[in-house]
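Following: one structure in C-alpha cells, then a few remarks.
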Amino acid sequence: MTDNAVHDIVVVGAGIIGISTALALQAQGRHVLVLDRDDGLKKASEMNAGAFAFTDIVPLATPGIMRKAPKWLLDPLGPLSVPPAYALKIAPWMLRFWRASWPDRYRHSLNAQASLMDASRHALDCQIRETSAEQLFRRDGQLQLYEGEREFRASMDAWQLRKKHGIPFELLETRDAIAAIQPGIDARFTHAGYTPEWMNTCNPASFLKHLAETFLARGGRIEADDVMSVTPGEAFVSLSGRNGETRAANVIVCAGAWSRHLASTVGDSVPLETERGYNTTLADGAFDLRTHLTFGSHGFVVTRINDGIRVGGAVELGGLKLPPNYKRAETLLKKAKSFLPELKTEPGTQWMGFRPSMPDSLPVIDRSPRERRVFYAFGHGHLGLTQAAGTAKLVTELVQGQTPSIDMSAFSARRF
C-alpha cells in the first residue's frame, strides 16, 4: 500500500547497522522509519559470533595474499574459498581485491580501519550506556592461537601494528600460560596472543532486539517491506517496495548484501560482494569456554552464546543465489572438536548468512555521489557488529551536516 506522507528519514535495513543508525538519528531529534525485508531468514546481525573485534585492524587483502588464490578454487572447504560456479562472476571484484593488497593501498586501508575501530569502540560505549545494555555484554578477552613457533613468529608484524595503534595485548609462549586462561586446548597450540579488552555480546540476536525495542519505545517505526529501488524525484526520494511506494526526504541504505542493487537504482556502481559465513550453535554446557577463541590459520572462532557455544567463520565468496554448502560448517565443527577435545558437538544447529564485503575490507559510509538525499552505510564484511555504533555516528554527522569525527575519504562510495 502506497504511503503518501513524506517521511523525514527512511532507513532501509533493520540489521545492526540500520537499527544503530536509526537510534543515532533519533537521538538528534529526527523522525525515522525503518523498512526491512520480510523473508523469514535469520540476519547475520542475529547469528554472528557476537564479537566486537576492535583489535582486528588488518584488512583481508594483505600484501602477497594473491599467491594463495589458486588454492581457494581447489579447496572448497578451506578458510577462504570461491565456489567454481561463482569464479567468473567474482573476477572483477578479485582484481580490485588484488589491487587493494598492494602495499600503498594496504597501508591506507589499515590506517583507515584502525581509525574506524577506535571511533566505533568509543561509540559503542556510549550506545551501551544510552540504551542500558550492559547486561547483554561479556568482557572476557580473546585468545588468538598458533600451532608452533613458526606460525607464532609469522604473526609478529600484526601484533606490532596493534601495539602501534595502542591495542593492549599479552603474548603467551607456553602451553601453561595458555591453559591458565583457557584450559582444554589441544597441545598442538603452543603459542597465543591474548587481548584482554576484547568484548562480546552474550547473544547478538538479543542485543539487536534490545536496540530495536529501544528505538520503538522512543517513537520510531519499523515496517516490513522489501525495497526494490530508490528513485530520487524533485520533491522527495521514492522507495518502491512490494507493499507499494514510500516517500522520504532522506534515505539511508543499510541493506547489507542487498545494498549493491539499491545503490545501482540510484545510479551508483559499487563493487560490493557477499561473504557467506557458516556456523554451528551447540547446546548449553557444550564446553567450559572462558574466553573468545580465534583459530586464525583455520579461519574460525569459538565463542559463547548465552550458555551455549557457537563455532563459525571462514569466508566463502559466493554471492546471494548459490545454495548453502553446509559441509563448510561441518568441517569447522570437526576441527573445533579436534582442537578442543572436550567439546560436545551434539546437538547443534547450522546456519549460513550473508556478509556484505568490499575489496579493501572497508565499508562504504558516504553520501551518494548521484543524490545528496541518499546516504550509504554498508559493506562491513564480518565486522558489522563491531563497527555498527561508529558507523551510525558517522552517518548521523553526514546527515546533520556536521564535520565527521574522522577522515572519511577511505570510506567513499567513489573510491573504486
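The model shown is predicted, which means the values in this text are computed figures rather than measured ones.
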Decide if the gap between the ring center of [X] and the ring center of [Y] is smaller than 6.0 angstrom.
{"X": "Trp102", "Y": "Tyr106", "result": "no"}
{"X": "Phe236", "Y": "His7", "result": "no"}
{"X": "Tyr278", "Y": "Phe300", "result": "no"}
{"X": "Phe339", "Y": "Phe189", "result": "yes"}

For the pair Tyr194 and Phe169, evaluate ring pair (Phe, Tyr, Trp, His ring centres under 6.0 Å) and give the outcome as yes or no after the intermediate values. CA-CA 5 Å; Tyr194 180 61; Phe169 61 85; over 10 Å; no

In Ile185, Val311, Ile309, the residue satisfying side chain to side chain contact (heavy atoms under 4.5 Å, CB included) with Leu293 is Ile185

Less than 3.5 Å apart, any donor N or O on the side chain of [X] or [Y] sitting next to an acceptor on the other?
{"X": "Ser81", "Y": "Arg328", "value": "yes"}
{"X": "Ser20", "Y": "Gln127", "value": "yes"}
{"X": "Ser120", "Y": "Gln387", "value": "no"}
{"X": "Thr403", "Y": "Glu397", "value": "no"}
{"X": "Trp159", "Y": "Asp157", "value": "no"}
{"X": "Arg310", "Y": "Thr281", "value": "yes"}
{"X": "Asn200", "Y": "Thr303", "value": "yes"}
{"X": "Gln182", "Y": "His292", "value": "no"}

Report yes or no: is the cationic atom of Arg37 (NZ for Lys, CZ for Arg) under 6.0 Å from the centre of the six-membered ring of Trp258, at an angle within 45° of the ring normal?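 So Arg37 does make the cation-pi contact.
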
Are the side chain of [X] and the backbone of [Y] linked by a donor-acceptor contact shorter than 3.5 Å?
{"X": "Ser361", "Y": "Leu60", "value": "yes"}
{"X": "Arg276", "Y": "Leu322", "value": "yes"}
{"X": "Ser259", "Y": "Cys254", "value": "no"}
{"X": "Asp366", "Y": "Phe411", "value": "no"}
{"X": "Asp140", "Y": "Thr291", "value": "no"}
{"X": "Asn279", "Y": "Gly312", "value": "no"}
{"X": "Asn48", "Y": "Ala44", "value": "yes"}
{"X": "Asp360", "Y": "Leu362", "value": "yes"}
{"X": "Gln26", "Y": "Phe215", "value": "yes"}
{"X": "Gln28", "Y": "Leu25", "value": "no"}

Could you walk me through whether His191 and Phe152 pass ring pair (Phe, Tyr, Trp, His ring centres under 6.0 Å), step by step? CA-CA 6 Å; His191 295 69; Phe152 178 65; 4.7 Å; yes

Minimum heavy-atom distance [X]-[Y], with the two atoms named:
{"X": "Gly193", "Y": "Tyr146", "result": "N-CE1, 4.0 Å"}
{"X": "Ser357", "Y": "Glu275", "result": "OG-OE2, 2.7 Å"}
{"X": "Ala51", "Y": "Thr386", "result": "O-OG1, 3.3 Å"}
{"X": "Arg370", "Y": "Val266", "result": "CB-O, 3.9 Å"}
{"X": "Pro183", "Y": "Arg290", "result": "CG-NH1, 3.5 Å"}
{"X": "Thr131", "Y": "Arg218", "result": "CA-NH2, 4.2 Å"}

Inspect the surroundings of CD in Glu197 and state if more than 12 heavy atoms from other residues, nucleotides or ligands are less than 6.0 Å away.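 Open: at most 12 neighbouring heavy atoms sit under 6.0 Å from CD of Glu197.
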
Within 6.0 angstrom of His31 NE2, more than 12 heavy atoms from elsewhere: no

What's the spacing between [X] [atom1] and [Y] [atom2] if we round to 0.5 Å?
{"X": "Glu213", "Y": "Ile19", "atom1": "CD", "atom2": "CD1", "result": "10.5 Å"}
{"X": "Phe287", "Y": "Leu343", "atom1": "CZ", "atom2": "CG", "result": "7.0 Å"}
{"X": "Leu385", "Y": "Ser45", "atom1": "CG", "atom2": "OG", "result": "7.5 Å"}
{"X": "Ile406", "Y": "Ile365", "atom1": "CD1", "atom2": "CD1", "result": "6.5 Å"}
{"X": "Thr55", "Y": "Leu161", "atom1": "OG1", "atom2": "CG", "result": "12.0 Å"}
{"X": "Arg260", "Y": "Thr265", "atom1": "CZ", "atom2": "OG1", "result": "13.0 Å"}

Do [X] and [Y] have side chains that approach each other closer than 4.5 Å (heavy atoms only, starting at C-beta)?
{"X": "Leu172", "Y": "Glu170", "value": "yes"}
{"X": "Pro232", "Y": "Arg373", "value": "yes"}
{"X": "Leu272", "Y": "Pro356", "value": "yes"}
{"X": "Leu33", "Y": "Val11", "value": "no"}
{"X": "Val302", "Y": "Phe295", "value": "yes"}
{"X": "Ile57", "Y": "Ile167", "value": "yes"}
{"X": "Thr280", "Y": "Leu332", "value": "no"}
{"X": "Phe378", "Y": "Ile17", "value": "no"}

Would [X] and [Y] pass as an ion pair if we require N to O under 4.0 Å?
{"X": "Arg153", "Y": "Glu151", "value": "no"}
{"X": "Glu273", "Y": "Arg96", "value": "no"}
{"X": "Glu316", "Y": "Arg355", "value": "no"}

Could you walk me through whether Glu134 and Arg139 pass the salt bridge (charged side-chain N to carboxylate O under 4.0 Å, His left out) check? CA-CA 10 Å; Glu134 181 61 40; Arg139 303 173 189 270; 2.9 Å; yes

Could you give me the CA-CA distance, side-chain angles and deciding distance for Glu147 and His298, then say whether side chain to side chain donor-acceptor pair (under 3.5 Å) is met? CA-CA 11 Å; Glu147 296 176 80; His298 298 272; 2.6 Å; yes

One pair to check against side chain to side chain donor-acceptor pair (under 3.5 Å): Glu245 and Ser238. What are the steps and the verdict? CA-CA 7 Å; Glu245 180 190 42; Ser238 175; 2.6 Å; yes

Step by step, work out the side-chain contact (heavy atoms from CB on, under 4.5 Å) result for Glu371 and Asp268. CA-CA 9 Å; Glu371 173 52 55; Asp268 295 320; over 6 Å; no

Kindly write out the residues that satisfy ring pair (Phe, Tyr, Trp, His ring centres under 6.0 Å) with His382, not counting sequence neighbours, or none if the list is empty.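 His382 satisfies ring pair (Phe, Tyr, Trp, His ring centres under 6.0 Å) with no other residue.
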
What orientation do Phe207 and Phe52 show, parallel under 30°, tilted 30 to 60°, or perpendicular over 60°? perpendicular

